[in-house]
Structures are given as C-alpha cells and as structure tokens.
S.K.: 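Mind looking over this structure? Questions follow.
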Amino acid sequence: MPVLVMKFGGTSVATVDKIRRAAKKVGVEVAKGYDVIVIVSAMSGETNKLVGFVNDTSPLYDAREYDAIVSSGENVTAGLMALTLQEMDVPARSWQGWQVPVQTTSAHANARIEEIPTENITAKFGEGMKVAVVAGFQGISPEGRITTLGRGGSDTTAVAFAAAFDAERCDIYTDVDGVYTTDPRVTDKARKLDKIAFEEMLELASLGAKVLQTRSVELAMRYKVRLRVLSSFEEQSDEAGTLVCAEEEIMESNVVAGVAFSRDEAKMTLISVADRPGIAAAIFGPLAEAGVNVDMIVQNISEEGRTDMTFSCPIDQVARAEKAMAEAKAKDEINFHDLVADTDVAKVSIVGIGMRSHAGVAAKMFATLRDEGVNIKVITTSEIKTSVLIDRKYMELAVQSLHDAFELEKVA
C-alpha cells in the first residue's frame, strides 16, 4: 500500500476532542487505501509544563534526564490517538521513538536523526495494522538513552519518516491553513500560497516564518519529500493548504514569494577593531563557542589599521555575546574600543526564486522603504533573498509597504 505521513502539532491535539477530530482526518486517508504513519506532538502547553518541572527540580539538570521527562508528552498523545483510532475500528498502534527505533546522535535536547529502520513498522503493516502513531520529537542514542530533537522536532520527525518510507506525501497539520505571503496579522492583504519551492520555504523559515521548522524543510529539500501544510480545523480536500515542493513543479510564480520578519533582533557593533588577517575568526569563533547565532555581518572600511565590525543576533543572546567578546578581549585575542548593542531593531526580508532572473528587485525594496521614511541599518543578500535591519517601530509599516509594492496579493 502507498504510505502517507500525517503530522499533528500541539494545538491540533490539545484536547481529547481535538484528537478525535484529527483521528477522523486519519480515517479519511485510510479509507483511500493508504497505510498511514501519524506523527504527534505533545498536547499544547504540555512540553512547557514538563520543562518547568525540570527547571524547578534541577536548574543545572542532567540533559539525559531532561530528555526522559520532556519526551513523555508525545508518548501520552500517541497513546490517546491510537486508542481513538481503535474506537473508530481503524487498526492502529502507538510507537515511541525507541520502539521504531529512531536512531539519533547523542546530543541530548538537540539530537539529530541518523537513521530510521523501516522493518518493524513495515512488518506490522503487513500484519494488518493500518496506522502507526509515532511519538514525534524523540529517538534513541547509540548508548540506548532517550533523546529529543529540540523545538519543532516533530516536524523533522515527520519528514524523516516520509523519506525513510518513501511516502507519497507528508502532510503537516497546524493551526493555520497554509503558508502565506506574510503574516496575516500584519496585513490583511496576505494571500495563501498554493505552492512554494523548497528553497523559498527554507529561507522564510530561517528568517522568521513560524509555519515550519527550518531543519524539517532542509530535510525535505534534501530527500525531495513533498510537504503539504494545512489546517487541522478545516475540512480537507486534495487542493487544501500549501504544497512545498521542488521548483520544477511550479509553473509560474511571483518574483517575490513572501515577506518575512523577525521582531526580536539586535545589532551589535565592535568599534575600532584591529584590522589584521584572522580578525574575523578571532571575533566569530568565540561567539560560535558561546552559542550566539550570528546572522548579518558587515565590516566597515579600514582606516589607520582599525575597522568596525557589525553583526546581528537574537535579542536574547546579547548578554552572551557581550560576555564572549569581553573574555576574548581580556585574553588579548581581539582588541576593540567599545561594543555597542542596539536592541531596538527588527529584520525584514523579501524571498523569491524569481529574484535569480529579475534585476532591480533589491533596488525596488530599498526605494519602497525610502518612500516610507524607513532607514536601513544593515543589508544582506543572497541569490533568492534580501534582508534589512531597521528600527523595530517601523517593522509593520515596512512589511505592509513591501507586500503592496511587490503586489503579493495577486496571483502570478
């Protein structure tokens, strides 16, 4: 039988009634002739509650025990989903990560999937099981310990299962009905996309769009897993939601597919750094070791052997970055006059595969922001995206004006 993977996020399984609603959607696909692998998250709010228990018990916790505790939320959901399907006379069985087994690295709380053997679940399908309900977000390390995959790990679990079982498609059920040109809460002109290329979705996910976890899109692109994002709370059809697929499947698309934004950004500038070979490594090496996620980087023109180095990072990593730079300076690894942090900025980006073949897209973006009186602090570009840092108070204005300028409410 063809295999279909269906993933239900926390809001989709937040209550027993919502689990029943999700189970009915699974039953529809079983009736079409699919063997279905259902990946479930913990019920909404459950993981945060479990993390709170860990922090209250042991602030400097053992990561192995952390994983044993926080993975339990998905186990509960998987069991409830299997029971619900059984009540519907659908042959179903729940699977925890170690039972599959989902083989991962040993990096507790942020493990990566190494392999998913298909033999155990395939054998059960052969014996008449129609639905395997798998607890997402978890696996087992080479040492035999439970591991978790980090926030959003259930998306990654779903894509990995779709790749391992050569599934026809991987459906990601969420509380939104697809991928939009931008956040509909920012502009009511936002339009749901019927299709979006892997590359575009990857950029949007990494730039602030919350619909799909970045690692899951990377995995889907690598293994050519067709993803469909759709709502748990609406009636489904074969055309529902947004299909994330290879560029070749999209006949026509707008030059710009969407506008992404990240509100919680900070701009940090090292003033008067010695301009010498290896200075960038001396700065960004300690930042990487401190776990600072550096994004945009700009180096000013050197004057009298000194230069300024600017970079952006999430606002909650500013203190960590400041500490790393102070320690590097104290060790005489780098020498700078001052470190200035601007914590009142936002990142706004335009993304589209059409930007590869159309000149003037960035210029149009800059002109649009100029006309709205929005000053650009930092610019970075790639083949299919242009990102700018601006004052946070102008973020919504920038998103709305760019959405209008590129006429994203119109279908190509």
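Because the structure is a prediction, the values reported are computed rather than measured. Hydrogens, waters and symmetry mates are skipped; everything else that's a heavy atom, side chains included, is used. When a residue number appears, it is its place in the shown sequence, counting from 1.
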S.K.: In Å and rounded to the nearest 0.5 Å, what is the CZ to CE distance from Phe336 to Met309?
M.R.: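 Atom-to-atom, Phe336:CZ and Met309:CE are 12.0 Å apart.
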S.K.: May I have the step-by-step check of side chain to side chain donor-acceptor pair (under 3.5 Å) for Thr181 and Glu409, ending in yes or no?
M.R.: CA-CA 8 Å; Thr181 49; Glu409 71 279 6; over 6 Å; no
S.K.: So how far is it from Leu408 CG to His403 NE2, rounded to the nearest 0.5 Å?
M.R.: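 Those atoms lie 4.5 Å apart.
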S.K.: So Thr182 and Thr187, do their side chains get closer than 4.5 Å, heavy atoms only?
M.R.: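 Of all side-chain heavy-atom pairs linking Thr182 with Thr187, at least one is under 4.5 Å.
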S.K.: Suppose the criterion is salt bridge (Lys or Arg N to Asp or Glu O under 4.0 Å): which pairs have a residue in residues 373-391, not counting sequence neighbours?
M.R.: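 Counting only pairs at least two positions apart or across chains, the salt bridge (Lys or Arg N to Asp or Glu O under 4.0 Å) contacts touching residues 373-391 are Glu203-Lys385, Asp342-Lys377, Arg356-Glu383, Lys377-Asp391.
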S.K.: Would you say that Leu80 contacts Ser94 through its side chain, given a criterion of any heavy-atom pair below 4.5 Å between the two side chains?
M.R.: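 No - every pair of side-chain heavy atoms lies 4.5 Å or more apart.
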S.K.: Measuring only between side-chain heavy atoms, which start at C-beta, is Tyr223 closer than 4.5 Å to Val159?
M.R.: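 No; the side chains remain at least 4.5 Å from each other.
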S.K.: Is the CZ atom of Arg112 crowded by more than 12 outside heavy atoms at less than 6.0 Å?
M.R.: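 No, the 6.0 Å shell around CZ holds no more than 12 heavy atoms from other groups.
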S.K.: Specify the closest pair of heavy atoms between Ile121 and Met129, including all atoms of both residues, with the distance to one decimal.
M.R.: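 Closest approach of Ile121 to Met129: O-CE, 3.9 Å.
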S.K.: To the nearest 0.5 Å, what is the distance between OG (Ser312) and CG (Leu389)?
M.R.: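 Here the rounded value is 5.0 Å.
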S.K.: My understanding is that only one of Val3, Thr118, Val225, Ile116 makes a side chain to side chain contact (heavy atoms under 4.5 Å, CB included) with Phe161; could you say which?
M.R.: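 Of the listed options, the one satisfying the test is Ile116.
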S.K.: Do any pairs count as a side-chain hydrogen bond (donor to acceptor under 3.5 Å, both in side chains) and have a residue in residues 3-20, sequence neighbours left out, and if so which ones?
M.R.: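 Found Lys7-Asp155, Ser12-Ser232, Asp17-Arg20.
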S.K.: Side-chain donor-acceptor pairs under 3.5 Å in residues 319-326, sequence neighbours left out?
M.R.:
residue	atom	partner	partner atom	Å
Arg320	NH1	Gly291	O	3.0

S.K.: Measuring from Phe366:CZ to Leu402:CG, what's the distance to the nearest 0.5 Å?
M.R.: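 One gets 10.0 Å once the value is rounded to the nearest 0.5 Å.
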S.K.: Looking at Ala111 and Thr147, what are the two nearest heavy atoms and their distance?
M.R.: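 So the two residues come closest at CB-CB, 3.8 Å.
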S.K.: Going through the distances and angles, do Thr157 and Leu149 end up as a side-chain contact (heavy atoms from CB on, under 4.5 Å)?
M.R.: CA-CA 8 Å; Thr157 303; Leu149 309 180; 3.4 Å; yes
S.K.: Centre of Phe406's six-membered ring, under 6.0 Å away, within 45 degrees of the axis: is that where NZ or CZ of Lys364 sits?
M.R.: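 Relative to the ring axis of Phe406, which defines the angle, Lys364 lies inside both limits.
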S.K.: For a 4.5 angstrom cut-off between non-hydrogen side-chain atoms, does Cys313 reach Val292?
M.R.: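 Result yes, sub-4.5 Å side-chain heavy-atom pair found.
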S.K.: Who passes salt bridge (Lys or Arg N to Asp or Glu O under 4.0 Å) against Arg145, sequence neighbours left out?
M.R.: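 Only Glu65 meet the salt bridge (Lys or Arg N to Asp or Glu O under 4.0 Å) criterion with Arg145.
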S.K.: Assess whether side-chain contact (heavy atoms from CB on, under 4.5 Å) is satisfied between Val51 and Tyr66, documenting all intermediate values.
M.R.: CA-CA 8 Å; Val51 171; Tyr66 170 94; 3.6 Å; yes
S.K.: With side-chain hydrogen bond (donor to acceptor under 3.5 Å, both in side chains) as the rule and sequence neighbours excluded, what pairs involving residues 72-92 come up?
M.R.: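 Every pair satisfying side-chain hydrogen bond (donor to acceptor under 3.5 Å, both in side chains) with a residue in residues 72-92: Asn75-Gln138.
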S.K.: Given the rule in the side chain to side chain donor-acceptor pair (under 3.5 Å) test, do Asp67 and Thr148 qualify, once you have shown the distances and angles that lead to the verdict?
M.R.: CA-CA 6 Å; Asp67 278 357; Thr148 62; 2.7 Å; yes
S.K.: Let me know which of Val294, Leu287, Val318, Thr310 forms a side chain to side chain contact (heavy atoms under 4.5 Å, CB included) with Met268.
M.R.: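 By the side chain to side chain contact (heavy atoms under 4.5 Å, CB included) criterion, Met268 pairs with just one of Val294, Leu287, Val318, Thr310: Val318.
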S.K.: Do Glu265 and Arg392 meet the salt-bridge criterion of a basic N to acidic O distance under 4.0 Å?
M.R.: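 Result for this pair is no, no salt bridge flagged.
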S.K.: Quick one, Val186 with Phe261, criterion side-chain contact (heavy atoms from CB on, under 4.5 Å). Give me CA distance, side-chain angles, the key distance, then yes/no.
M.R.: CA-CA 10 Å; Val186 174; Phe261 59 87; 3.6 Å; yes
S.K.: Could you tell me whether the side chain of Lys189 reaches within less than 4.5 Å of the side chain of Asp404, counting heavy atoms only?
M.R.: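 They are in side-chain contact.
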S.K.: Between CG of Asp308 and CG of Leu270, what distance do you get to the nearest 0.5 Å?
M.R.: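 So the CG of Asp308 and the CG of Leu270 are separated by 8.5 Å.
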S.K.: Would you say Val76 and Glu46 make side-chain contact, with heavy atoms under 4.5 Å?
M.R.: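 Not in contact.
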S.K.: Go through the steps for Glu218 and Arg215 under the test salt bridge (Lys or Arg N to Asp or Glu O under 4.0 Å), then give the verdict.
M.R.: CA-CA 5 Å; Glu218 289 175 347; Arg215 275 167 62 189; 6.0 Å; no
S.K.: With distance as the sole test, does Gln96 use its side chain to make a donor-acceptor pair with the main-chain N or O of Gln99 at under 3.5 Å?
M.R.: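 No, Gln96 side chain to Gln99 backbone: no donor-acceptor pair under 3.5 Å.
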S.K.: What do you reckon, is CZ of Phe284 surrounded by more than 12 foreign heavy atoms closer than 6.0 Å?
M.R.: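 Buried by this count: over 12 neighbours within 6.0 Å.
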S.K.: Which pairs count as side-chain hydrogen bond (donor to acceptor under 3.5 Å, both in side chains) when at least one residue sits in residues 33-45, sequence neighbours excluded?
M.R.: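 Listed by first then second residue: Tyr34-Glu168, Asp35-Lys130, Ser41-Ser154.
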S.K.: Rounded to the nearest 0.5 Å, how far does CD of Glu249 lie from NZ of Lys224?
M.R.: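 Here the interatomic distance stands at 10.5 Å.
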S.K.: Answer whether the closest heavy-atom distance between the side chains of Thr242 and Ile196 falls below 4.5 Å.
M.R.: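 SC-SC contact between Thr242 and Ile196 confirmed.
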S.K.: Tell me, do Met355 and Ile350 make a side-chain contact under 4.5 Å, heavy atoms counted?
M.R.: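 SC-SC contact between Met355 and Ile350 confirmed.
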S.K.: Look only at the side chain of Asp295 and the backbone of Phe311, and say whether a donor-acceptor pair between them is shorter than 3.5 Å.
M.R.: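 Looks like no, no N/O pair under 3.5 Å.
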S.K.: Should Tyr173 and Met6 be marked as a side-chain contact (heavy atoms from CB on, under 4.5 Å) after you check the CA-CA gap, both sets of side-chain angles, and the distance that decides it?
M.R.: CA-CA 7 Å; Tyr173 286 85; Met6 303 172 73; 3.6 Å; yes
S.K.: Before giving the answer on side chain to side chain donor-acceptor pair (under 3.5 Å), spell out for Ser141 and Ser106 the whole-Å C-alpha distance, their side-chain angles and the decisive distance to 0.1 Å.
M.R.: CA-CA 5 Å; Ser141 72; Ser106 301; 4.5 Å; no
S.K.: For Ala398, is there any backbone N or O sitting under 3.5 Å from a side-chain donor or acceptor partner on Ser401?
M.R.: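 Present.
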S.K.: Tell me, yes or no, whether the heavy-atom count around Met1 atom CE, taken from other residues, nucleotides or ligands under 6.0 Å, exceeds 12.
M.R.: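 Not more than 12 within 6.0 Å, no.
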